Participant: 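Quick one: structure below, then a few questions.
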Amino acid sequence: MNPIRAIRGMNDILPQDSYLWQHLEKVCSDLLDAYGYREIRLPVVEQTQLFSRAIGEVTDIVEKEMYSFEDRNGDGLTLRPEGTAGCVRAFNQHGMAGTQQKLWYAGPMFRHERPQLGRQRQFHQVGVEVFGTASADVEAELIVLCARLWRSLGLDSAVTLELNSLGSNEDRARYREALVAYLSEHRDQLDEDSQRRLDSNPLRILDSKSEQTQALLAEAPSLPDFLDEESQAHFAQLTALLDAAGVSYRLNPRLVRGLDYYNRTVFEWVTDALGAQGTVCAGGRYDGLVEQLGGKPNPAAGFAMGLERLVLLMQELKVAPAAPGQADVYLVAVGEGAALAGFALGESLRDSLPGLRLQVHSGGGSFKSQMKKADRSGAQLALVLGENELAERTVGFKPLRGGEQRSVSQDALEEELKHFFEHEEH
RNA sequence: GUGGCCGUAGCUCAUCAGGUAGAGCACCGGAUUGUGGCUCCGGAGGUGGGGGGUUCGAGACCCCUCGGCCACCCCA
């Protein structure tokens, strides 16, 4: 019989890596907490309609990447391909309209794409959203928060910020028209993909990788020229705030996002250390989305970061913290009586020293094989219990990383352990 | 979804004009009685991703399929 394998593009995260994920998640949640953001936990499955309305009917995500299915009631459901839509839905559903909300969430997202480095079918994001505030200090805070996160993780040297404004919906519509008019005249000079996008999603042509297309775009109408006064002022305020905070950025008038709901500010944190999947974090303002999903008009902005990519980047840059050992103390017990006593001793140590990372050997075996496991656990100390110790009510106290084994009475063990690890701290 | 490269023990790889597979690491055990890390010895572990075809005979050749990597596309 063939062994069952995981679904393509849906990977296990093994213990040798999970500690890194935990580290990343902890740094994120601590930082968000420090900025006053609160966690919201959202379902992984939503009505299909939520995503087609939020992300845009003609986007690739909706057209060909969603995991959609009918449930037993015949309802059309979809595994969330991104987090913002569900977050907006919750915002509306729970009557948060009119209040300022600073929220974050983390969890798996699903897109049926061809897997490659930094791109899985089940991948993980941390998303951050701010509802109810229209001013640019919101985007500035989101960006500054990211910058601090990169510093905490040791990634700041490898990521750069790209920034642009899409203007108002009207600005964007006028620009779109002008761009289509210009490109249509030169349609035959566009690459194949761009020709297709000319009808479906013309703004995406701006970040085409085709040299020929890029050459053509040099002469094309430029998005910043189409911004109305308000959008210009908004963008100016944002850059002033970033300058004041000392966050550097690169203005990229070609930067557009793949999801339809953005307006005004869009930004991306990119790296060249990860091959083709260079975007590690991206977001922007989406003032129209709340209303679009049936709520009262409510300004909003947010971003999401890809955790797989951040983990890869930490590994690539070798800024990942070292993997912790399985235990600090490993208790070895040989013989039936000793195994029994050792098991009880382990529990009593856990009572008296709750923070102690103690592994009690299980599975029996010789001193030799148990000691071998003690060593491989990464423990600093082995506690050895055999017939002799049992008879004397002592325990062998053996430092594994230098030092001599000595015998310690079981009554004094707690104090000896405290003493040992106080010195280990340094 | 498209294109290129690839798929041999848990991992990294080797072998051979096509004649039914090895090494290192890891794992388990041993090297005088109850003790790890170094060394030495031994053991276990592969229907050669899966299926079909060519052949007297295929892991090696052909096809399909599944999977991996890279790029496109897309995006975090």
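Model, not experiment: these values are computed from the prediction. Chain letters run A, B, ... following the sequence lines, proteins first and then strands; every chain starts at 1.
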Participant: A:Arg80 has an atom CZ; how far is it from atom C1' of B:A76, in whole Å?
Facilitator: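 Interatomic distance, CZ of A:Arg80 to C1' of B:A76: 13 Å.
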Participant: Is the ring pair A:His361/A:Tyr330 parallel, tilted or perpendicular, if the boundaries are 30 and 60 degrees?
Facilitator: tilted
Participant: Just the rounded figure in Å: distance from P of B:C72 to CZ of A:Arg204.
Facilitator: 13 Å
Participant: Once you round it to whole Å, what is the distance between P of B:G1 and CD of A:Glu63?
Facilitator: 15 Å
Participant: Can you find a side chain N or O atom of A:Arg196 that sits less than 4.0 Å from OP1 or OP2 on B:C73?
Facilitator: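 A:Arg196 to B:C73 OP1/OP2: no side-chain N or O under 4.0 Å.
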Participant: Closer than 4.0 Å, any side-chain N/O of A:Lys209 to the OP1 or OP2 of B:C72?
Facilitator: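 Yes, such a contact exists.
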Participant: Using a distance-only criterion (donor-acceptor N/O pair, under 3.5 Å, no hydrogens), is the base of B:C74 paired with the side chain of A:Arg119?
Facilitator: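 Counting by modelled atom types and ignoring angles, a donor-acceptor contact under 3.5 Å is found here.
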Participant: Whole-Å distance between B:C72 P and A:Lys64 NZ?
Facilitator: 16 Å
Participant: Tell me whether the side-chain N or O atoms of A:Lys368 pair up with the base of B:G36 as donor and acceptor below 3.5 Å, since no angle test is needed here.
Facilitator: no
Participant: Can you measure A:Glu113 atom CD to B:C75 atom P for me and round it to whole angstrom units?
Facilitator: 8 Å
Participant: Is any side-chain N or O of A:Glu389 under 3.5 Å from a base N or O of B:G34, one able to act as donor and the other as acceptor?
Facilitator: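 Indeed, a donor on one side and an acceptor on the other fall under 3.5 Å apart.
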Participant: Parallel, tilted or perpendicular: which one describes the rings of A:Trp269 and A:Trp150, with boundaries at 30° and 60°?
Facilitator: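 Aromatic pair A:Trp269/A:Trp150 classed perpendicular.
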Participant: Has A:Arg114 got a side-chain N or O lying under 4.0 Å from the OP1 or OP2 atom of B:C69?
Facilitator: no
Participant: Does a side-chain N or O of A:Arg257 approach OP1 or OP2 of B:C74 to a distance below 4.0 Å, or not?
Facilitator: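 So the side-chain polar atoms of A:Arg257 never come under 4.0 Å of the phosphate oxygens OP1 or OP2 of B:C74.
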Participant: Classify the side chain of A:Gln370 versus the base of B:U35 as yes if they form a donor-acceptor pair under 3.5 Å and no if they do not.
Facilitator: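 When only heavy-atom distances are counted, A:Gln370 does not reach the base of B:U35 through any donor-acceptor pair under 3.5 Å.
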Participant: What is the distance, rounded to the nearest whole Å, between atom CG of A:Leu274 and atom C1' of B:A76?
Facilitator: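 In whole Å, B:A76 C1' lies 11 Å from A:Leu274 CG.
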Participant: Does B:A71 have OP1 or OP2 sitting under 4.0 Å from an N or O in the side chain of A:Gln116?
Facilitator: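 Checking B:A71 against A:Gln116, a side-chain N or O does come within under 4.0 Å of OP1 or OP2.
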Participant: Would you mind telling me which of A:Glu129, A:Arg41, A:Glu39 makes a side-chain hydrogen bond (donor to acceptor under 3.5 Å, both in side chains) with A:Tyr105?
Facilitator: A:Glu129
Participant: For A:Gln277 and B:C73, what is the distance between atoms CD and P respectively, to the nearest whole Å?
Facilitator: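 These atoms are roughly 11 Å apart.
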